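A short write-up of the structure that comes next.
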Number of protein chains: 2
Amino acid sequence: MNTELPKTVSEPTLKRLPLYHHFLKELLQREQEAVSCTDIGEELNLDPTQVRKDLEAAGISGRPRIGYATAAVVDGIERFLGWKKVSEAFLVGAGSMGSALLGYRKFEECGLKIVAAFDRDPAKVGRKIHGKHVLALDKLTDLAQRMHVLIGIITVPAVEAQAVADALVAGGVRAIWNFAPVRLRVPEHIIVHNEDLYCSLASLSQKLGQALEANPAEPVTARRLRTATLS
Amino acid sequence: MNTELPKTVSEPTLKRLPLYHHFLKELLQREQEAVSCTDIGEELNLDPTQVRKDLEAAGISGRPRIGYATAAVVDGIERFLGWKKVSEAFLVGAGSMGSALLGYRKFEECGLKIVAAFDRDPAKVGRKIHGKHVLALDKLTDLAQRMHVLIGIITVPAVEAQAVADALVAGGVRAIWNFAPVRLRVPEHIIVHNEDLYCSLASLSQKLGQALEANPAEPVTARRLRTATLS
DNA sequence: TATGTATCGAGAATAATATATTGATATATA
DNA sequence: TATATATCAATATATTATTCTCGATACATA
Ligand SMILES: NC(=O)c1ccc[n+]([C@@H]2O[C@H](COP(=O)([O-])OP(=O)(O)OC[C@H]3O[C@@H](n4cnc5c(N)ncnc54)[C@H](O)[C@@H]3O)[C@@H](O)[C@H]2O)c1
Ligand SMILES: NC(=O)c1ccc[n+]([C@@H]2O[C@H](COP(=O)([O-])OP(=O)(O)OC[C@H]3O[C@@H](n4cnc5c(N)ncnc54)[C@H](O)[C@@H]3O)[C@@H](O)[C@H]2O)c1
């Protein structure tokens with residue numbers, strides 16, 4: 001197994017790795033100990049070579065004629081993606097989106113533990129949502145510093161997002177997961193991921209529009225199945 | 001203005017267009033009637049040529065030395081992305097994620113109108129969430145057919161997602177926006193977009209891990225600002 | 001033991017995407 | 001009117017991502 005990991009891995013690869021992980025966990029439960037790129041590719045509708053390249057990028061190698069050891073791949077992906085060591089996160093904005101995220105278990109499997117929420121609304125402060133305390137906004141920066149929290153999740157209205165980002169950065173947060181439809185301005189070294197749900201919707205509706213134009217009333221009779229492609 | 005639109009537009013382009021749209025709407029409010037690719041590129045931290053190419057792909061053209069007419073670009077993007085004609089959608093799974101989406105106004109600006117929600121839980125059926133009726137699951141297929149609803153949004157637990165997708169397809173839905181962490185199997189002609197929040201998280205944590213390894217205690221003093229890059 | 005085959009691994013070829021270059025054009029200004 | 005300049009448009013190049021090719025390897029089977 002190659003322990004020399006390449007410095008940078010492409011974004012598409014990074015987004016496919018969790019997919020492999022998810023599928024392989026299933027296989028593990030079925031006690032399938034080995035798996036080939038072909039298997040994975042067929043399940044996820046991807047080129048086998050692509051799968052192999054992605055695994056290689058994550059520093060995982062297999063054996064000819066055998067394939068990969070399922071458990072080793074699962075382990076390797078988790079290690080590569082940093083899911084082994086749990087990172088603590090603060091969530092700011094305990095509204096409807098924020099509450100949904102607070103209750104989502106899968107994040108913990110991926111090494112993300114939301115330890116507290118913050119909100120400006122006094123009615124929410126002091127309450128618990130999905131077992132997590134909602135704290136007053138003015139404690140954010142100080143607590144982040146003292147607890148060495150490295151990840152901030154922003155689920156406040158768009159106009160508030162920049163101020164929240166500033167507070168998070170002041171608290172020493174190193175990565176921000178932003179759900180507000182705004183481009184944040186942050187120092188160079190801060191990692192920001194924008195989760196623009198409406199941008200994602202954009203491509204859906206554009207494609208739907210085109211499909212409808214090409215074929216306004218597709219019959220429901222076409223029944224050939226395939227696995228849906230990547231987002 | 002070029003009315004001959006190219007058949008296919010790249011996914012990255014499709015995801016950048018809403019960003020331009022968002023920025024240009026702001027400019028419109030400030031009554032800035034013209035804008036250059038350079039301006040847009042600076043705001044969003046993108047190459048001006050890239051911006052021009054994207055606008056060209058959407059069938060929008062400008063004038064040398066002047067730039068683009070702000071209103072025309074906004075209009076062009078909306079038309080190209082199919083935001084002008086509103087599409088009706090059903091949401092299935094009125095849990096925490098589903099409720100958040102039901103209450104999100106921005107989707108309507110993008111031509112997506114969620115007209116009803118469906119849930120299996122009798123305690124939820126009959127109630128209203130964010131002004132939208134929650135209906136019984138067994139009405140889904142039939143209603144979708146009769147109302148000619150073309151978009152389905154899936155926010156049920158992973159194990160239920162495939163069954164829901166089948167029901168939506170049977171109801172004549174043409175596009176599915178899937179929030180469950182599963183690859184759906186659907187007929188060829190159905191458009192599926194997977195919104196894998198945890199895959200997105202994966203790349204965030206991987207990058208954070210790398211950044212920490214490279215520089216475990218980055219000083220908070222580095223203050224050079226930049227606009228955050230794309231998701 | 002010899003042969004066949006499924007698979008990985010490495011590298012080449014292709015395709016997609018992003019960036020750079022150059023020329024054309026419309027406006028401002030001398 | 002002539003010149004300078006900012007900008008779009010079209011083309012060319014560079015970069016990145018995906019797919020293909022082929023040789024090496026390990027197991028299965030005759
Ligand atoms: N609801 C969705 O489906 C959805 C989808 C995509 C993106 N978003 C984005 O997520 C963000 C939140 O959306 P939502 O629907 O949860 O809104 P919401 O109104 O339900 O919640 C916002 C919460 O943030 C709190 N808040 C406001 N200003 C704050 C501040 N300065 N500091 C701390 N807390 C503050 C409010 O008290 C409220 O609890 C918005 O930017 C929205 O655009 C929402
Ligand atoms: N909560 C999050 O932050 C989050 C984030 C990303 C993805 N997701 C995914 O979204 C989905 C929903 O998550 P959630 O947190 O809202 O869960 P939830 O349990 O809050 O909601 C699920 C809802 O679906 C309903 N339901 C279950 N089976 C159904 C069926 N067959 N037909 C119709 N309704 C059915 C339930 O009654 C419930 O109301 C899950 O697949 C989850 O993985 C959630």
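A, B, ... follow the sequence lines: proteins, then strands. Residue 1 opens every chain. This structure is a prediction, so every number in the text was calculated from the model and none was measured.
Residue pairs meeting the salt bridge (Lys or Arg N to Asp or Glu O under 4.0 Å) criterion with at least one partner in residues 22-38 of chain B, sequence neighbours excluded, are Glu26(B)-Arg30(B). Listed by first then second residue, pairs satisfying salt bridge (Lys or Arg N to Asp or Glu O under 4.0 Å) with a partner in residues 61-70 of chain A number zero, not counting sequence neighbours.
OP1 and OP2 of dA6(D) both lie 4.0 Å or more from every side-chain N or O belonging to Tyr68(B).
Using a 4.0 Å cut-off between a side-chain N of Lys or Arg and a carboxylate O of Asp or Glu, Arg16(A) and Glu11(A) do not qualify as a salt bridge. Ion pairing between Arg185(A) and Asp166(A) fails under the 4.0 Å rule for side-chain N and carboxylate O. Of the charged side-chain nitrogens involved, at least one lies within less than 4.0 Å of a carboxylate oxygen, so that Asp75(A) and Lys84(A) count as a salt-bridged pair. By the 4.0 Å N-to-carboxylate-O rule, Lys85(B) lies too far from Glu78(B) to be salt-bridged with it.
When rounded to the nearest whole Å, the span between CD of Glu11(B) and C1' of dA18(C) equals 16 Å. Taking atom CD of residue Glu56(B) and atom P of nucleotide dT7(D), one finds them 19 Å apart after rounding to whole Å. In this structure, the CG atom of Leu55(A) is 15 Å from the C1' atom of dA10(C), given to the nearest Å.
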List the atom pairs, with distances to 0.1 Å, where a side-chain N or O of residues 97-108 of chain B and a protein N or O form a donor-acceptor pair under 3.5 Å, not counting sequence neighbours.
from	atom 1	to	atom 2	distance (Å)
Ser99(B)	OG	Gly95(B)	O	2.6

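Taking the side chain to side chain donor-acceptor pair (under 3.5 Å) definition, one finds that Tyr68(A) meets it with nothing, sequence neighbours left out.
Recorded end-axis angle for the helix from dT1(C)-dA30(D) to dA30(C)-dT1(D) stands at 0°, based on five pairs per end and rounded to 10 degrees.
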**Item:** Summary of protein contacts for nucleotides 18-27 of chain D, nucleotide by nucleotide, where a base hit scores B, a sugar-phosphate-only hit scores S (4.0 Å, heavy atoms)
**Value:** SBB----BBB

